[in-house]
Amino acid sequence: MEAPAARSEGPAGESGPALAPGSTSSARKHKVCVIGSGNWGTTVAKLVAENTGEHPELFERDVQMWVYEEQVELDGQKHKLTEVINTRHENVKYLGGITLPPNVIANPSLQDTVKDASIIIFNFPHEFISNICKQLQGHVLPYARGISCIKGVTVTDDKIELICEYIGETLGIYCGALSGANIASEIANEEWCETTIAYNVPEGDVQTATTTTTTTTTTTTNGTSSPATNGTAKTPPSKTTLVPVPQTYVPLDHTTISSLFSRPYFTVSMVSDVVGVSLGGALKNIVALACGFVEGNGWNQTAKTAVMRRGMLEIIAFARAFFPDAIDPKTLWEESAGWGDMIVSCTSARNWRYSKMAVERGVSVQEIERTELNGQKLQGISTTREVASFLRAKGVEEQYPLFMAVDGILDQKVKVEDIPKLFRK
Ligand SMILES: NC(=O)C1=CN([C@@H]2O[C@H](COP(=O)(O)OP(=O)(O)OC[C@H]3O[C@@H](n4cnc5c(N)ncnc54)[C@H](O)[C@@H]3O)[C@@H](O)[C@H]2O)C=CC1
Ligand SMILES: O=C(CO)COP(=O)(O)O
């Protein structure tokens with residue numbers, strides 16, 4: 001194996017802004033890293049690294065990608081996954097067959113990955129959030145900003161938090177959310193799709209005419225902005241006192257964030273509804289499991305459509321009940337993070353595919369996750385568990401019959417064929 005790709009030179013210190021090659025501006029560029037290297041983590045690292053390479057005036061070129069280190073077998077020998085990624089430029093375990101840009105650099109150290117990063121992209125299965133955040137505490141720049149691509153929630157007894165809220169509070173930074181109808185393998189193959197990024201530029205960060213904490217803009221791939229329709233959403237008040245991004249940096253606004261994620265094959269819509277974007281992505285995984293169960297049971301598209309419709313009603317009810325000031329109902333209707341994600345998740349994504357397989361084979365979906373996914377995770381399983389336990393703690397489980405039925409099916413206490421009875425008046 002050839003030597004691992006070298007790290008790029010460190011960023012300039014507070015007093016010495018790094019100048020982009022060929023840039024006439026003295027603004028300090030952002031250093032970007034990705035925490036997570038699964039199917040979606042690696043895909044997002046690929047697309048942002050393409051952009052950091054194409055926008056040297058905005059971003060440092062190299063993107064450190066944290067890899068949960070493991071051994072992989074290649075040519076009859078065991079190798080560290082990080083070494084394989086850095087030499088073959090391919091994540092052979094989680095995104096085989098896709099060549100990564102050489103400026104994606106696999107790093108087994110969490111602390112080293114986030115060192116000097118002003119933009120941190122969080123992208124790993126949500127069950128690891130607490131452990132990872134604990135290890136990151138005290139190691140991120142005080143003014144770093146996050147984008148969570150994670151679909152899930154965190155629940156402690158009768159308290160529920162969005163993943164981006166949890167990250168923000170644990171690390172003392174602001175964190176937005178990216179979610180949409182996004183199948184990693186298709187995007188890695190550069191097939192076109194859309195996504196939604198919810199980001200409220202924190203007060204005190206550099207602002208431009210098109211980005212404020214209360215105004216939403218929709219930024220297209222060509223960088224134009226237009227007024228968005230869902231500008232009424234409010235972000236839950238942050239309990240954290242934020243350190244502003246220093247004015248020496250390139251402004252960290254909707255335009256810069258859009259430039260980091262937009263690709264010709266990845267259309268980004270920037271909004272402000274962090275709750276709608278986060279909950280749409282997290283809760284649709286419960287509905288996707290239900291759709292797989294129903295289809296695996298031999299029922300067809302009409303039954304599945306009923307489940308999707310019922311599921312969306314429960315998502316909206318859940319958001320209104322537990323995040324009452326923050327959800328903008330338009331997000332779920334108009335954004336990729338709403339109905340778009342619901343449709344793709346219930347017709348072709350992993351939670352649907354493997355829950356269908358479980359019923360067809362007569363085994364549990366947990367067993368299928370263990371035997372068929374080669375380390376990938378079905379987020380619907382843990383999200384269902386967490387949401388059901390939260391609803392029980394709140395004493396409102398009867399108001400969410402579909403969510404609770406999925407929990408019962410996972411426990412083998414409810415039969416798939418009993419689902420229609422739950423909705424009889
Ligand atoms: N794969 C997809 O098409 C999409 C996934 N997402 C979301 O992205 C998030 C990340 O999912 P993927 O990248 O697909 O992951 P994945 O399911 O493909 O991979 C699992 C990952 O977990 C890591 N891991 C295993 N044990 C660990 C531990 N103890 N601590 C930390 N990490 C550990 C593995 O190294 C691997 O990177 C999820 O919330 C998912 O819902 C969102 C959109 C699309
Ligand atoms: O979120 C996704 C599609 O938008 C991917 O869902 P799965 O994790 O079920 O593959």
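Because the structure is predicted, anything quoted here is derived from the model rather than measured. Atoms within a ligand are numbered from 1 in the order they appear, just like the ligands themselves.
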Between Tyr143 and Tyr249, is the gap from one ring center to the other below 6.0 Å?
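Centroid separation for Tyr143 and Tyr249: below 6.0 Å.
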Evaluate the ring planes of Phe323 and Phe318, with Trp represented by its six-membered ring, and classify them as parallel (under 30°), tilted (30 to 60°) or perpendicular (over 60°).
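Phe323 and Phe318: tilted rings.
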What's the shortest distance from [atom] to any protein heavy atom, and which residue and atom give it?
{"atom": "atom 19 (O) of ligand 1", "value": "Gly38 CA, 3.6 Å"}
{"atom": "atom 9 (C) of ligand 1", "value": "Asn123 OD1, 3.5 Å"}
{"atom": "atom 44 (C) of ligand 1", "value": "Asn182 O, 2.8 Å"}

Looking at [X] and [Y], does any basic side-chain N land under 4.0 Å from a carboxylate oxygen?
{"X": "Glu54", "Y": "Arg263", "result": "yes"}
{"X": "Asp418", "Y": "Lys413", "result": "no"}
{"X": "Glu314", "Y": "Arg310", "result": "no"}

Flag yes if more than 12 heavy atoms outside Trp339 fall under 6.0 Å of its CH2 atom; otherwise flag no.
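Yes.
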Could you walk me through whether Ile163 and Phe122 satisfy the side chain to side chain contact (heavy atoms under 4.5 Å, CB included) test, starting with their C-alpha distance in whole Å, then the side-chain angles of each, then the deciding distance to 0.1 Å, before giving a yes or no?
CA-CA 10 Å; Ile163 295 291; Phe122 296 85; over 6 Å; no
Under 3.5 Å, N/O to N/O: give me all the pairs between ligand 2 and the protein, one per line with atom names and distance.
{"residue": "ligand 2", "atom": "1 (O)", "partner": "Lys151", "partner atom": "NZ", "Å": "2.7"}
{"residue": "ligand 2", "atom": "1 (O)", "partner": "Lys284", "partner atom": "NZ", "Å": "2.8"}
{"residue": "ligand 2", "atom": "4 (O)", "partner": "Lys151", "partner atom": "NZ", "Å": "3.0"}
{"residue": "ligand 2", "atom": "4 (O)", "partner": "Gly180", "partner atom": "O", "Å": "3.0"}
{"residue": "ligand 2", "atom": "4 (O)", "partner": "Asn182", "partner atom": "N", "Å": "3.0"}
{"residue": "ligand 2", "atom": "4 (O)", "partner": "Asn182", "partner atom": "O", "Å": "3.3"}
{"residue": "ligand 2", "atom": "4 (O)", "partner": "Asp341", "partner atom": "OD1", "Å": "2.6"}
{"residue": "ligand 2", "atom": "6 (O)", "partner": "Lys284", "partner atom": "NZ", "Å": "3.4"}
{"residue": "ligand 2", "atom": "8 (O)", "partner": "Arg350", "partner atom": "NE", "Å": "3.3"}
{"residue": "ligand 2", "atom": "8 (O)", "partner": "Arg350", "partner atom": "NH2", "Å": "3.0"}
{"residue": "ligand 2", "atom": "8 (O)", "partner": "Asn351", "partner atom": "ND2", "Å": "3.4"}
{"residue": "ligand 2", "atom": "9 (O)", "partner": "Arg350", "partner atom": "N", "Å": "3.1"}
{"residue": "ligand 2", "atom": "9 (O)", "partner": "Asn351", "partner atom": "N", "Å": "2.8"}
{"residue": "ligand 2", "atom": "9 (O)", "partner": "Asn351", "partner atom": "ND2", "Å": "2.7"}
{"residue": "ligand 2", "atom": "10 (O)", "partner": "Arg350", "partner atom": "N", "Å": "2.8"}
{"residue": "ligand 2", "atom": "10 (O)", "partner": "Arg350", "partner atom": "NE", "Å": "2.9"}

For the residue pair Gln379 and Glu127, confirm or rule out a side-chain donor-acceptor distance under 3.5 Å.
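Their side chains do contain a donor-acceptor pair, which is all the 3.5 Å distance test asks for.
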Under a 3.5 Å threshold, yes or no: a donor from one side chain and an acceptor from the other, between His89 and Thr99?
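Per modelled atom types, His89 and Thr99 side chains form no pair under 3.5 Å.
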At a 4.0 Å threshold, what atoms of ligand 1 neighbour a non-hydrogen atom of Glu70?
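With Glu70 as reference, the close atoms of ligand 1 come out as 35 (O).
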Within a distance under 4.0 Å of any heavy atom of Ala184, pick out the atoms of ligand 1 and give their elements.
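Those qualifying, in numeric order: 1 (N), 2 (C), 3 (O).
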Using heavy-atom distances, let me know which of Trp40, Phe124, Tyr94, Phe128 sits nearest atom 32 (N) of ligand 1.
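Nearest option to atom 32 (N) of ligand 1, by heavy atoms: Phe128.
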Considering Lys377, Arg350, Gln379 one by one, which has a heavy atom nearer to atom 11 (O) of ligand 1 than any of the others?
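Minimum heavy-atom distance to atom 11 (O) of ligand 1 goes to Arg350.
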Between Gly311 and Met342, what is the shortest heavy-atom contact and its length?
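Nearest pair, atom of Gly311 first, then Met342: C-CE, 4.1 Å.
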Does ligand 1 have a heavy atom under 4.0 Å from the side chain of [X], from its backbone, from both, or from neither?
{"X": "Cys149", "result": "backbone"}
{"X": "Asn39", "result": "both"}
{"X": "Trp66", "result": "side chain"}

Any side-chain heavy atom of Ile147 sitting closer than 4.5 Å to one from Phe261?
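Yes, close enough: below the 4.5 Å cut-off.
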